[in-house]
2 protein chains.
Amino acid sequence: MKKSPAPQPVNLLDVARAAGVSRATASLVVRGSPLIAPPTRERVLEAMKQLGYIYNRGAANLRQSRTHTIGLVLSNIANPFFSELTAGVDDVNDANDVVCFIANSVESPERQARQIQRLREHNVDGVIICPAIGSNDTLLEDLQRLSLPYVQVLRHVPYGSGDYVAADYASGIEKAVRHLVETGRQKIMFVGGMSVHSAAVARLDGFHRAMALHQLPDDMVVAGKWGNTYDEVELDRLLLGSNPPDSAICYNDIMALALMSHLQRRGYTLGDDFAVIGMDDLPQAAAAYPPLTTIATNPRMIGQAAATLLQKRLEAPDRPTERIILPANLVIRASSETRTS
Amino acid sequence: MKKSPAPQPVNLLDVARAAGVSRATASLVVRGSPLIAPPTRERVLEAMKQLGYIYNRGAANLRQSRTHTIGLVLSNIANPFFSELTAGVDDVNDANDVVCFIANSVESPERQARQIQRLREHNVDGVIICPAIGSNDTLLEDLQRLSLPYVQVLRHVPYGSGDYVAADYASGIEKAVRHLVETGRQKIMFVGGMSVHSAAVARLDGFHRAMALHQLPDDMVVAGKWGNTYDEVELDRLLLGSNPPDSAICYNDIMALALMSHLQRRGYTLGDDFAVIGMDDLPQAAAAYPPLTTIATNPRMIGQAAATLLQKRLEAPDRPTERIILPANLVIRASSETRTS
DNA sequence: GGTAAAAATTAGATCGATCTAAAAGATCGC
DNA sequence: GCGATCTTTTAGATCGATCTAATTTTTACC
């Protein structure tokens, strides 16, 4: 079999010539313009098929203001929470004929800045971004300087403005506290206290407010690290103290599962001796033993909302900024079953 | 504050004029060519900074054969295994100044074909693809037709050829069987038997071969579904049968964790009454209770290898195809501890 | 049949870079 | 001082589409 020679690509002009029309007409056909008479359209489409034409969107982008391309900059792709979110973004993009660049800042503002610059050079229409820990206003300044429309997800930079989508962490935690109180728990601790970014602060604040609401002491907080581990020494100190906790609300499901494992190693019977509540409702929460009660933050829905919001922003750059806070509902499972059950 | 007028973008010609050189010279400077005399380079760089020039890679792509863009088409982004893989791809891309489109086929060959077409239109240099269940040779034909270099990861289409990266499932399972035998298990079942794609077949084959090697019966196979659930009825039938299994090797960690939960509900003490081994070594395997013994398939490394291989292919399109099979090692944890411990 | 209005098509400029091939400038030996 | 060589810079064509403004064709109506 002979190798085909230089397979030089077919362009619109070739198609136009084959169909006996002008380049402009062929262009209108590929874009599905209603201006073209049906018979002509047919002829052009036929020529396209014959020649194996492939639309060169890159060339089109040079003339148009939109590229049908967005960037998704996440602080840690490897986190399952973010993969659900990514899937949500992809759902909306697929429906809108948009493709999505993905970039992983790994919680490094420098890498994040580099990625944004790169995305800008590739002419993305806008970005969805979960700011890396340590991001500050220079992030938004960079975006402004690059005139890059953006939607922040989950976290926002301090004092930042602009479109934003997140879950209602505080009210989710309030529901969790109420549930614990209703099932007879009084000594509730929070595992994974941090103030590294807005989402962490929101959770901790939510905990303090909810505890105050129920007039319970809110001083049992175990520090978290990296969003997936907590201070084990501090936890053990509380567990072995004179007034140990009888339940815990965790920063996220990852920590909650680690905590469950920790407690089980120490002989606790979960749901009975001790109630554990996580956050996010990752698939693994339902599959754990015992199944984990958790505050569902709906990452997929957040992704969908962010992608939709970004498209709205692109269509109407001057619309007022929008901050979407999606409800966070409590999913009750065995890890927090009432003691009397 | 007055809104700035039409912020019309600065292009290379503007930069060139400001620096008192030609467009061609400015172009050589942005590309870091050594042809330019240092003082001239300085002048141009200074002008770029002054004017806030942003390189338009999209325009450059029109003339060049490479766009520094690749596509990553996954069968299910939401799967944590794939997010690790994505992170690995991103590591290599970040180092190579390449950006990556992500697309989720959700195991639908149709959606997959659509996504590939879209990526092609955006002129990606190549794709890394984990073929959706049901993909056949038409996938490779499509890629060929679009003259799109590709690397398959984890799975390959039947009879397919071309670059490929995966883990050594069979030898991983062999190690798992040997470990179980050495710790006194004889009645080993496989949970998650499927033949929907090459990776599933490879695991099942590996199980049968390993069992034959140890002259053990290999007839206990529980069917899997979707890569994350198994046939619970069939499992219970085996557990309650006359010759119940004493251990299980699972298709992946997700199923293994579900199985652990299942067995714990039924009163088994894991690691003692029953040994469970998973596959992949997701972070959650180590965090489970008891910690899960698993066959580490190193998704991040697979992603890195695939991205590296794709770059090699792009640099030398005629190099012989390569099939990289990364080792899969057994990570022993408490879920398969010896009975006598 | 003639003309106005509507529909369909098109020529040519344009987006912002790269590439080729050649020109201009600097350096050197003798 | 002069050609040869090396270094540095550049003009102009080009990639493959879209866009504007105009032209051509068709339809409608009296």
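Residue numbers start from 1 in every chain, and the chains themselves are labelled A, B, ... in the order their sequence lines are given, proteins ahead of strands.
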So if I take every side-chain heavy atom of [X] and compare against [options], which nucleotide ends up nearest?
X       : options                : value
B:Arg63 : C:dA11, D:dC15, D:dG16 : D:dC15
B:Ala37 : D:dC15, C:dT9, D:dT9   : D:dT9
A:Ser22 : C:dA17, C:dG16, C:dT10 : C:dT10
B:Leu62 : D:dG16, D:dC19, D:dA17 : D:dG16

Just N and O in the side chain of [X]: are any of them under 4.0 Å from OP1 or OP2 of [N]?
X       : N      : value
A:Arg31 : D:dC19 : yes
B:Thr25 : D:dT10 : yes
A:Arg23 : C:dT9  : no
B:Thr40 : D:dT9  : yes
B:Asn56 : C:dG16 : no

Between [atom2] on [N] and [atom1] on [X], what's the gap in Å once rounded to a whole number?
X        : N      : atom1 : atom2 : answer
A:Arg17  : D:dG16 : CZ    : P     : 12 Å
B:Gln64  : C:dT20 : CD    : P     : 11 Å
B:His122 : D:dC15 : NE2   : P     : 22 Å
B:Leu12  : D:dG12 : CG    : P     : 18 Å
B:Leu35  : C:dG25 : CG    : P     : 18 Å
A:Arg120 : C:dA17 : CZ    : P     : 11 Å
B:Tyr53  : C:dG16 : OH    : P     : 10 Å
B:Ile54  : C:dG16 : CD1   : P     : 12 Å

Which comes earlier along DNA chain D counting from the 5' end, the contact point of A:Ala24 or that of B:Pro38, where each point is its nearest nucleotide?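 Looking at DNA chain D, the more 5' nearest nucleotide goes with B:Pro38.
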Hey, which of these two, B:Ile36 or A:Ala26, hits DNA chain D nearer its 5' end, going by closest nucleotide?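 Final value for this comparison: B:Ile36.
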Under 3.5 Å, is there a donor on one side chain and an acceptor on the other for [X] and [Y]?
X        : Y        : answer
A:Gln50  : A:Glu46  : yes
A:Gln112 : A:Ser135 : yes
B:Asp125 : B:Thr67  : yes
A:Thr86  : A:Ser83  : no

Applying ring pair (Phe, Tyr, Trp, His ring centres under 6.0 Å), which residue pairs with at least one partner in residues 87-126 of chain B are found, sequence neighbours left out?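 Checked against ring pair (Phe, Tyr, Trp, His ring centres under 6.0 Å) - neighbours excluded - the pairs reaching residues 87-126 of chain B are A:Phe101-B:Phe101, B:Phe101-B:His122.
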